[in-house]
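As structure tokens, the structure follows; a few thoughts come after it.
In what follows, every heavy atom counts, from backbone to side chain, and hydrogens, waters and symmetry copies are set aside.
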Amino acid sequence: MTWTLFELLLQASLMTILVSAVSILAGLAIAIVLSAMRMSGNAALKGFAVVFISFFRGVPLLVQLLLIFNLLPSLGITLPSLATALIGLSLCTAAYQAENLRGGFEGVAPGLIESAEMAGFTRAQSFFWIRTPIALRMTFPALVNEAILILKASSLVSVVGLIELTKMAQNLAASTYQPLPIFASAGLIYLAINVVVAFLGRRAERALPGLPSA
Amino acid sequence: MTDPAIRIATLSKKFGDTLVLRDISLEVPRGQVTCLIGPSGSGKSTLLRCMAFLEEPTSGSIEIEGEPLGFTGTGSARRRQSPAELRRVRGKIGMVFQQFNLWPHMTALGNVSAALRRVRGLPRAEAEARGMAQLDKVGLKERAGHYPAQLSGGQQQRVAIARALALDPTIMLFDEPTSALDPELTGEVLTVMRALADEGMTMVVVTHEIGFAASVAHTVCFLDHGRLLFHDTPEKVFAAPREPRLEQFLDTYLDRGAQMLR
């Protein structure tokens with residue numbers, strides 16, 4: 001195990017971080033829309049959200065990635081493996097985050113929405129300016145948790161041909177015949193990233209204003 | 001003749017099969033303070049919430065300065081107002097809640113200026129200047145940057161009053177504004193409300209503060225079991241209670257200052 005090998009692992013971990021970070025944020029944006037649909041009075045919107053969430057929560061991520069990887073080309077859409085990986089991870093985490101958020105939205109006291117109504121907010125304005133920020137704060141610990149899960153789950157995107165930390169470790173292990181130190185190093189890098197994410201999450205949680213726990 | 005601030009005509013409200021307001025008719029004159037008193041469950045908060053259309057009347061009508069609120073037409077011709085029309089009529093009303101209902105993710109100034117920015121579309125600087133003026137009015141300019149969780153209950157309620165006033169309402173509704181407060185914090189909120197009454201704001205106040213009702217109200221309405229038993233000047237209501245039900249109710253509040261009027 002040389003420094004050069006370790007450096008290659010570190011470089012690949014940047015791809016892991018990039019894929020995970022983009023997926024978490026894109027997934028969050030999708031999740032806000034999904035949970036709004038899930039809580040909507042419109043049966044079609046609600047039905048779509050229910051089916052979407054149960055599919056992406058119920059089918060293994062590996063199978064989802066393989067499906068997207070094989071489905072899109074058969075529809076005549078060819079995407080680079082990075083885009084395929086981002087779509088797969090984002091949609092999967094969106095389903096989980098939507099359910100987390102729904103708990104947050106339902107926890108917003110009705111009086112806060114009434115006071116927005118009395119201040120002249122439309123339903124959409126109240127959703128955007130009042131309910132969403134409060135729900136996001138209430139579910140922030142769950143969001144950090146989801147970020148950690150996605151960082152680890154990103155090891156699966158190697159199946160669509162993306163070279164991230166796990167794939168790089170596999171390649172290096174195969175070419176150097178030193179699987180043990182290489183996989184141990186990869187494991188330590190994952191651990192280090194997640195320790196940092198958890199630390200930053202706790203810091204951010206304390207800095208979020210205005211909730212009793214803050 | 002100008003319309004009264006609020007005109008309620010033969011209003012009834014059911015929750016499921018329970019009739020909580022029965023055939024209430026009442027006119028709230030402009031520039032006056034009207035207090036709604038009565039035992040718990042008498043329907044006074046529900047009546048106030050109907051005046052803001054936070055509860056839908058089952059039958060009857062409410063007019064705000066001559067304009068229908070929530071529904072147009074009566075009887076079988078009754079139709080719900082569009083959300084935009086409801087917002088326009090509601091714009092005349094400021095509401096203060098028992099639980100303050102400040103938005104926890106915004107500072108005091110953020111709470112007071114949010115609707116000016118997001119609903120009225122004022123630039124941030126102007127909205128905040130107006131918000132600051134309202135916070136100053138309730139004596140909380142120094143707390144502008146504090147979040148609700150960092151304020152006492154009395155301060156939160158004063159911010160809530162400033163938030164409602166920032167939108168220039170002509171009518172202010174107060175739903176038990178001091179009931180969630182410790183006795184020593186009640187005074188600061190009542191002081192702000194007294195000052196508002198002195199400015200000639202039209203106010204409808206649901207309250208258990210009989211002393212406040214006796215000294216500030218122009219009209220006191222007594223509700224019991226969903227009925228408006230009577231409404232009159234505080235002198236007449238408190239000095240010589242004619243109704244045994246009111247007498248019984250007031251007896252439980254004797255130590256709150258009503259005895260000085262008897």
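Contact between Leu102(B) and Leu112(A) at its shortest, heavy atoms only, is O-CD2, 3.1 Å. Residue Arg87(B) comes nearest to Gly120(A) through the heavy atom pair CD-O, 3.2 Å, listed as atom of the first residue, atom of the second, then distance. Summarising the geometry of Glu114(A) relative to Phe97(B), their closest heavy-atom pair is OE1-CE2, 3.6 Å, with the distance given to 0.1 Å. What you find for Ala119(A) and Val119(B) is that their closest heavy atoms are O-CG2, 4.0 Å. Residue Asn101(B) comes nearest to Gly111(A) through the heavy atom pair ND2-O, 3.1 Å, listed as atom of the first residue, atom of the second, then distance.
Using a 4.5 Å cut-off between heavy atoms, Arg49(B) touches chain A through its side chain atoms alone. Using a 4.5 Å cut-off between heavy atoms, Arg163(B) touches chain A through its side chain atoms alone. Both the backbone and the side chain of Ile93(B) come within less than 4.5 Å of a heavy atom in chain A. Using a 4.5 Å cut-off between heavy atoms, Leu116(B) does not touch chain A at all. There is no contact between Ala84(B) and chain A, counting heavy-atom distances below 4.5 Å.
Within 6.0 Å of CZ on Phe52(A) lie more than 12 heavy atoms contributed by other residues, nucleotides or ligands. More than 12 heavy atoms of other shown residues, nucleotides or ligands fall within 6.0 angstrom of atom CZ in Arg194(B). Shown here is Phe48(A), whose CZ atom has no more than 12 heavy atoms of other residues, nucleotides or ligands within 6.0 Å. Other residues, nucleotides and ligands contribute at most 12 non-hydrogen atoms within 6.0 Å of the NZ atom of Lys141(B). More than 12 non-hydrogen atoms from other residues, nucleotides or ligands lie less than 6.0 angstrom from CG of Leu18(A).
In terms of non-hydrogen atom pairs under 4.5 Å with chain B, the most contact-rich of Ala109(A), Pro110(A), Ala116(A) is Ala116(A).
With rounding to the nearest 0.5 Å, the separation of CZ in Arg118(B) from OG1 in Thr122(A) is 12.5 Å. Distance check, rounded to the nearest 0.5 Å: CE of Met118(A) to CG of Leu167(B) gives 10.0 Å.
One N or O on the side chain of His105(B) and one on the backbone of Trp129(A) form a donor-acceptor pair closer than 3.5 Å.
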